[in-house]
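Step one of this worksheet: look at the structure below.
A note on names: the letters A, B, ... follow the listed sequences, proteins ahead of strands, and every chain is numbered from 1.
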Number of protein chains: 2
Amino acid sequence: MSKNSEFIDKLRLSGLRPTKQRLKICEVLFDREKTFHFTINDLAKNISDKIGEKISLATVYNTVHAFKNKGYLKEISVNSHKSYFDTNITNHHHFFDQDTNQLIDCDEDVIENLKVKKNITGKKISSIEVLIKVATDNQNQK
Amino acid sequence: MSKNSEFIDKLRLSGLRPTKQRLKICEVLFDREKTFHFTINDLAKNISDKIGEKISLATVYNTVHAFKNKGYLKEISVNSHKSYFDTNITNHHHFFDQDTNQLIDCDEDVIENLKVKKNITGKKISSIEVLIKVATDNQNQK
DNA sequence: TCAATAGTTTAGAATAATTATAATGTAGTA
DNA sequence: TACTACATTATAATTATTCTAAACTATTGA
Ligand SMILES: [Mn+2]
Ligand SMILES: [Mn+2]
Ligand SMILES: [Zn+2]
Ligand SMILES: [Zn+2]
């Protein structure tokens with residue numbers, strides 16, 4: 001399992017000890033084809049599905065925050081009362097499907113020409129994010 | 001107080017009874033020069049500051065949700081574990097000051113050329129929002 | 001004018017997401 | 001191996017929000 005030793009290196013380089021739990025979480029998060037957008041609950045479910053052993057919810061929280069602080073995960077702003085995380089750490093924008101509560105990455109060509117022409121004086125821009133909320137084509141507004 | 005009878009009309013027209021509490025909340029929300037961006041806590045504090053009487057927190061929640069459903073308030077997506085509301089119900093974008101946790105409206109000319117060129121098939125876009133996070137010009141990244 | 005009624009307010013309980021605590025366990029290192 | 005700092009865990013605490021059910025009030029029409 002070469003992936004596994006990559007994860008060990010990555011963790012060591014970040015000053016995080018490669019524990020059994022963190023490696024399992026790495027597998028679930030980073031050993032996949034596509035971007036993973038998840039809430040802590042999604043992740044916990046995913047872990048217990050894919051793996052026999054259980055990881056404490058506190059550890060899942062701790063690890064997700066550690067990974068976020070190291071820049072391996074992004075937190076996404078969604079109008080909801082849960083935090084969403086993203087394994088795609090590049091600058092990109094999202095659709096949010098209000099029917100399924102799923103985040104979906106926008107392809108490069110979805111948002112055209114986004115330019116921010118002014119800024120608050122004395123402040124630095126740390127991120128620019130577009131969120132496009134979508135729903136089934138009924139009368140589902142707002 | 002002509003404002004007050006305007007509020008009464010507005011509430012009646014929406015099928016909401018113009019109660020003492022709702023009128024006080026209208027005053028705090030809508031009788032002001034500039035847009036008000038707030039959390040429920042901000043609003044509750046604002047109410048108890050401006051007014052002698054206390055309004056139950058449950059009523060503040062109920063009223064804000066009622067006003068949101070009637071389209072008098074918008075809820076804004078911010079990366080936080082609180083809901084933010086906005087008295088500016090037009091389509092517009094925001095700065096979010098990470099130092100003060102304040103939302104600030106973008107002027108018309110801040111965001112240029114925002115075009116969404118594709119959409120999820122079978123879905124309808126219900127909103128497009130840009131959130132620009134800013135912080136003091138130190139090493140405050142992410 | 002005045003009940004009847006449906007809608008509203010309220011305190012407090014319940015829920016859900018997240019964070020804190022503090023005891024136990026383990027990885028790194030000498 | 002033994003020490004130490006870091007990590008995991010169950011559980012408690014916290015926080016925002018929603019629910020409940022009893023008391024209150026605006027509206028209506030007799
Ligand atoms: Mn909401
Ligand atoms: Mn957060
Ligand atoms: Zn994404
Ligand atoms: Zn606004």
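In this structure, B:Q21 reaches the C:dT10 phosphate: one of its side-chain N or O atoms is under 4.0 Å from OP1 or OP2. Between C:dT9 and B:S56, no contact under 4.0 Å exists linking OP1 or OP2 to a side-chain N or O.
Rounded to whole angstrom, the span from the NZ atom of A:K20 across to the P atom of C:dA27 amounts to 8 Å. Computed from coordinates, the B:L11 CG to C:dT8 C1' distance equals 13 Å when rounded to whole Å.
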Would you sort out whether A:L29 and A:F67 count as a side chain to side chain contact (heavy atoms under 4.5 Å, CB included), showing the intermediate values?
-> CA-CA 10 Å; A:L29 290 181; A:F67 287 3; 3.9 Å; yes
Mind running side chain to side chain contact (heavy atoms under 4.5 Å, CB included) on A:K50 and A:E27 for me, showing each step along the way?
-> CA-CA 10 Å; A:K50 285 200 186 169; A:E27 257 183 66; over 6 Å; no
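A:E33 pairs by the side chain to side chain contact (heavy atoms under 4.5 Å, CB included) definition with nothing, not counting sequence neighbours. B:Q21 meets the side chain to side chain contact (heavy atoms under 4.5 Å, CB included) test with B:T19, B:I55, B:T59; sequence neighbours excluded. Every residue meeting the side chain to side chain contact (heavy atoms under 4.5 Å, CB included) condition with A:K45, not counting sequence neighbours, appears here in chain and number order: A:D49.
Between B:H81 and B:T19, the residue anchored closer to the 5' end of DNA chain D is B:H81, taking for each the nucleotide with the nearest heavy atom. Checking B:H65 against A:R22, the closest nucleotide of DNA chain D that is more toward the 5' end is the one next to A:R22. DNA chain C is contacted by both A:K82 and B:L16; B:L16 maps to the nucleotide lying nearer its 5′ end (nearest heavy atom per residue).
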Can you pull every protein N or O that's under 3.5 Å from an N or O on nucleotides 28-30 of chain C?
from: C:dG28; atom 1: OP1; to: A:R12; atom 2: NE; distance (Å): 2.8
from: C:dG28; atom 1: OP1; to: A:R12; atom 2: NH2; distance (Å): 3.1

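For residues 95-119 of chain B, every residue pair satisfying the ring pair (Phe, Tyr, Trp, His ring centres under 6.0 Å) rule, not counting sequence neighbours, is listed here: B:Y84-B:F96.
B:S83 comes within 4.0 angstrom of sugar-phosphate atoms only, judged by non-hydrogen atoms across all strands, and of no base. B:T59 comes within contact range of at least one nucleobase, with a heavy-atom separation under 4.0 Å.
Each of A:H94, A:K74, A:K68 was scored for a side chain to side chain donor-acceptor pair (under 3.5 Å) with A:D86, with one residue passing: A:H94.
The closest side-chain donor-acceptor pair between B:H37 and B:N88, if any, does not fall under 3.5 angstrom.
A:K117 NZ: 12 or fewer foreign heavy atoms inside a 6.0 Å radius.
If you walk DNA chain D from 5' to 3' and mark each nucleotide with an atom closer than 4.0 Å to a heavy atom of chain A, the marks span D:dA5 to D:dA10.
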